[in-house]
Protein chains: 2
Amino acid sequence: MTRLERQHHVRRASIKDIARLANVSHSTVSRALRGSSLISPQTITRIRQIAADSGYRPSAAARSLVTSRSATIGVVVTSIADPFAAEVVLGIEDAADQRDYSVILANSNAQPEREMRVVRAFEERRVDGIIVTSSRVGAVYAELLSQAHVPIVLLNNQHPSEFMHSVMIENLAASRQATQHLIDLGHRRIAYIGDRFGCQSDTERFSGYQSALEAAGLPILTEYTGYGNGSADGGDSAMSELLTLPLPPTAVFCYNDMTAFGAMRAAAARGLRIPTDLSIVGFDDLFFAQFAAPPLTTVRQPMRDMGRLAVESLLHLLAGTPTEANLKMPGELIVRQSTASPQEIA
Amino acid sequence: MTRLERQHHVRRASIKDIARLANVSHSTVSRALRGSSLISPQTITRIRQIAADSGYRPSAAARSLVTSRSATIGVVVTSIADPFAAEVVLGIEDAADQRDYSVILANSNAQPEREMRVVRAFEERRVDGIIVTSSRVGAVYAELLSQAHVPIVLLNNQHPSEFMHSVMIENLAASRQATQHLIDLGHRRIAYIGDRFGCQSDTERFSGYQSALEAAGLPILTEYTGYGNGSADGGDSAMSELLTLPLPPTAVFCYNDMTAFGAMRAAAARGLRIPTDLSIVGFDDLFFAQFAAPPLTTVRQPMRDMGRLAVESLLHLLAGTPTEANLKMPGELIVRQSTASPQEIA
DNA sequence: CTGAAAGCGCTTACAG
DNA sequence: CTGAAAGCGCTTACAG
């Protein structure tokens with residue numbers, strides 16, 4: 001028995017095996033295991049003991065076939081190697097586990113073909129709901145996802161639809177605050193490096209930046225708008241371009257930390273010191289932000305909590321309980337050493 | 001119909017629905033969909049067309065109930081927010097997707113209670129195999145995992161068992177090379193900051209460090225062995241302690257990049273400049289290593305490829321094809337700016 | 001309180 | 001080439 005049990009691909013005990021051992025019908029076993037009030041407490045205890053002894057594990061497949069619930073949620077990320085996504089997924093897995101849901105994780109790599117495969121896999125596995133962590137969810141992708149006919153929660157994005165909730169950060173307020181921080185330090189030539197794909201978070205962060213400048217009576221110059229792509233390389237080249245301007249900015253607010261890391265690298269490559277020659281602000285507060293050179297001033301997003309909240313939101317959608325469809329979390333400006341007053345007079 | 005289809009939780013078309021539409025038995029539909037040679041090509045085409053038109057998606061649950069294969073692999077990580085794990089999982093998901101497997105992701109958080117839950121979930125979902133990405137897989141955990149009666153691949157760890165393969169980096173050679181790099185630069189007082197839990201990778205890396213010192217005729221001093229825990233905080237406190245020594249080391253080889261980041265922070269907190277006053281070498285080459293202050297010299301692990309390889313190894317185990325049980329990948333020393341010749345004479 | 005029966009959506013021998 | 005039947009492992013009305 002022990003020998004057999006160690007082998008791989010043994011047939012697992014089924015409800016029928018337990019029934020035989022317990023001398024009852026398999027219906028009774030099923031009820032006992034589920035704690036039905038129809039079964040006497042002694043029988044329940046006895047049957048559960050037998051089940052435990054024989055290492056019984058209910059088949060999720062069989063159960064979901066009859067209940068038409070898979071107790072599974074599908075999570076798509078553009079790339080799990082993106083630290084932002086990884087933190088969010090941690091929160092999602094955590095909350096899902098607490099509710100006895102399993103997480104099926106898929107990477108889309110921002111490739112339409114992969115996105116299709118992912119949705120198909122989710123459909124075949126009959127996931128109860130889907131969480132999408134990506135700042136770029138185009139109309140086509142959203143349409144595709146909605147074909148799964150299950151509730152969807154978008155993280156860092158939004159889509160007006162009855163079965164699509166969203167969890168986002170207060171982009172506008174947070175960005176305004178970040179930009180204000182630079183203004184307060186005395187900066188007048190403040191650039192923004194965004195995401196050239198123009199996703200919703202980018203649009204909102206850009207608006208926050210603009211509104212802070214406006215409120216301070218500062219001009220909004222198009223040459224101070226750089227276009228990255230959310231990655232370090234994107235930030236690097238956008239920053240490089242900004243630095244070729246006759247009157248380069250003395251401070252930059254970046255769409256996210258990755259972009260900021262790239263901007264730092266570009267500045268360093270040109271011999272600029274941060275924050276003496278250039279102040280840089282990021283967005284996310286990735287774990288690494290504190291280890292950057294110098295430690296990065298940034299807007300902290302409660303990534304894990306956002307993941308947890310996405311699960312809660314999804315469960316509400318599944319239960320049909322009315323809740324806020326578009327949840328907004330506050331961001332928090334974390335001032336570190338990448339920002340300071342400008343040294344030269346503009 | 002379109003209205004209905006947009007709703008959530010619609011009953012999906014089954015093989016029977018297609019059968020009705022096609023005027024054949026559901027057996028025929030099943031065969032046609034699977035491309036059985038028993039069915040005429042025209043019928044296959046016709047039935048597939050109908051299936052596609054009605055948005056049919058086979059139920060993975062029903063299929064796995066009869067085939068007793070779930071086409072699913074369970075992946076446990078200690079924390080998906082660990083960048084190393086995230087990169088590995090990316091590779092895993094990628095390879096799994098190519099082979100039409102889905103990935104069920106679970107975090108164990110190094111908590112025994114969570115580990116039990118994870119194994120149970122994997123058992124209930126009848127995953128076909130398991131990949132464990134964690135440098136610390138104790139005997140208890142391994143025993144627990146093996147109760148799932150499915151093949152297991154350990155990443156960054158090893159366990160002698162017929163149904164447990166492993167994928168690791170050439171720790172010994174890589175660590176020897178990293179230490180040799182410091183010796184070549186002229187360092188004589190070289191410390192090692194390991195993982196105090198003494199996992200296999202730590203033991204091997206420590207051995208590589210020792211063997212390089214020995215080969216160079218340098219003494220191995222116990223006071224130069226620091227104990228971290230794989231995180232930045234662990235590296236920070238271990239480094240801090242090393243720096244209180246009367247004759248502190250001029251170079252440190254760290255168990256991993258996270259530990260190295262912490263060590264850098266500790267050194268900076270004491271006003272030491274890197275690499276002028278202290279050289280630091282990490283292990284992993286996390287994405288951020290190049291953005292550290294200064295960019296970190298480290299041993300690159302091909303994390304994504306290791307993840308892919310783990311899937312291949314698992315599939316071999318599933319297919320019963322004989323293969324190397326313990327795969328070793330080479331590491332690559334990446335020299336950046338955190339290492340230089342020692343400035344003072346020891 | 002307990003059991004026999006039906007059914008969830010598939011696959012696959014077994015007969016035609 | 002096609003269909004009727006059995007069965008995978010559960011849940012749950014329906015009868016006792």
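Values below: all heavy atoms of this structure, side chains included; hydrogens, waters and symmetry mates excluded. All of these numbers come straight from a predicted model, not from anything done at the bench. Letters go in sequence order (proteins before strands), and every chain restarts at 1.
Between dC8(C) and S68(A), no contact under 4.0 Å exists linking OP1 or OP2 to a side-chain N or O. The shortest distance between the side-chain N/O atoms of R34(B) and the OP1/OP2 oxygens of dC10(C) is not below 4.0 Å. Phosphate contact (OP1/OP2 of dG9(D), side-chain N/O of S59(A), threshold under 4.0 Å): absent. Taking side-chain N and O atoms only, T28(A) has a distance below 4.0 Å to OP1 or OP2 of dG3(C).
A straight line from CG of L38(A) to C1' of dA15(D) spans 13 Å, rounded to a whole angstrom. What separates CZ of R46(B) from P of dT2(D) is a distance of 9 Å, to the nearest Å. Atom pair H26(B):NE2 and dG7(D):P shows a separation of 14 Å (rounding to whole Å applied). Going from atom CG of L65(B) over to atom C1' of dC10(D) covers 8 Å, rounded to whole Å. Taking atom CZ of residue R57(A) and atom P of nucleotide dC8(D), one finds them 22 Å apart after rounding to whole Å. Following rounding to the nearest Å, I47(B) (CD1) and dT11(C) (C1') show an atom-to-atom distance of 15 Å. L33(A) has its CG atom 13 Å from the P atom of dT12(D), to the nearest Å. As rounded to whole Å, 12 Å separates atom P of dG9(C) from atom CZ of R12(B).
dT12(D) and dG16(D): their C1' atoms are spaced 16 Å apart (whole Å).
Considering only side-chain atoms of S27(B), the nucleotide from dC1(C), dT12(C), dT11(D) that sits closest is dT12(C). Residue T43(B) places its side chain closer to dT2(D) than to any other of dT2(D), dC10(D), dC1(C). The side chain of V24(A) approaches dG3(C) more closely than any other nucleotide in the set dG3(C), dT11(C), dC10(D).
Side chains of Y101(B) and R69(B): a donor on one and an acceptor on the other come within 3.5 Å. At a cut-off of 3.5 Å, with distance as the only test, no side-chain donor of S30(B) or S27(B) sits close to an acceptor on the other residue.
Residue K328(A) places its NZ atom among more than 12 non-hydrogen atoms of other residues, nucleotides or ligands, all under 6.0 Å distant.
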*Begin with the C-alpha distance, continue with both residues' side-chain angles, and end with the deciding distance and a verdict on side chain to side chain contact (heavy atoms under 4.5 Å, CB included) for N107(B) and T78(B).*
CA-CA 5 Å; N107(B) 274 85; T78(B) 306; over 6 Å; no

*Please assess N326(A) against Q158(A) for the test side chain to side chain contact (heavy atoms under 4.5 Å, CB included), listing each intermediate value before the final yes or no.*
CA-CA 8 Å; N326(A) 301 118; Q158(A) 233 176 301; 3.4 Å; yes

*Criterion side chain to side chain contact (heavy atoms under 4.5 Å, CB included) on L154(B) and M168(B), from CA distance to verdict*: CA-CA 8 Å; L154(B) 260 29; M168(B) 297 190 75; over 6 Å; no

_DNA chain C base-pair string [pairs: Watson-Crick or G-U under 3.5 Å; |: paired with another strand]_ = |||.||||||||.|||

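Backbone-only engagement by S40(B) is indicated by non-hydrogen atom pairs under 4.0 Å involving sugar-phosphate atoms exclusively.
Side-chain atoms of S70(B) come within 3.5 Å of backbone N or O of R126(B) as a donor-acceptor pair. Without hydrogens or angle criteria, T43(B) side chain to I39(B) main chain gives no donor-acceptor distance under 3.5 Å.
Two residues, R63(B) and N23(A), neighbour DNA chain C, and the one matched to the more 5' nucleotide by heavy-atom proximity is N23(A).
Salt bridge D100(B)/R117(A): present, at least one basic N to carboxylate O contact under 4.0 Å.
In this structure, NE2 on H165(A) lies 11.5 Å from CD1 on I152(A), to the nearest 0.5 angstrom.
A heavy atom lying under 4.0 Å from DNA chain C marks the following residues of residues 13-20 of chain B, by number: S14(B), I15(B), K16(B).
Judged by atom type and distance alone, R31(B) reaches the base of dG3(D) through a side-chain donor-acceptor pair under 3.5 Å.
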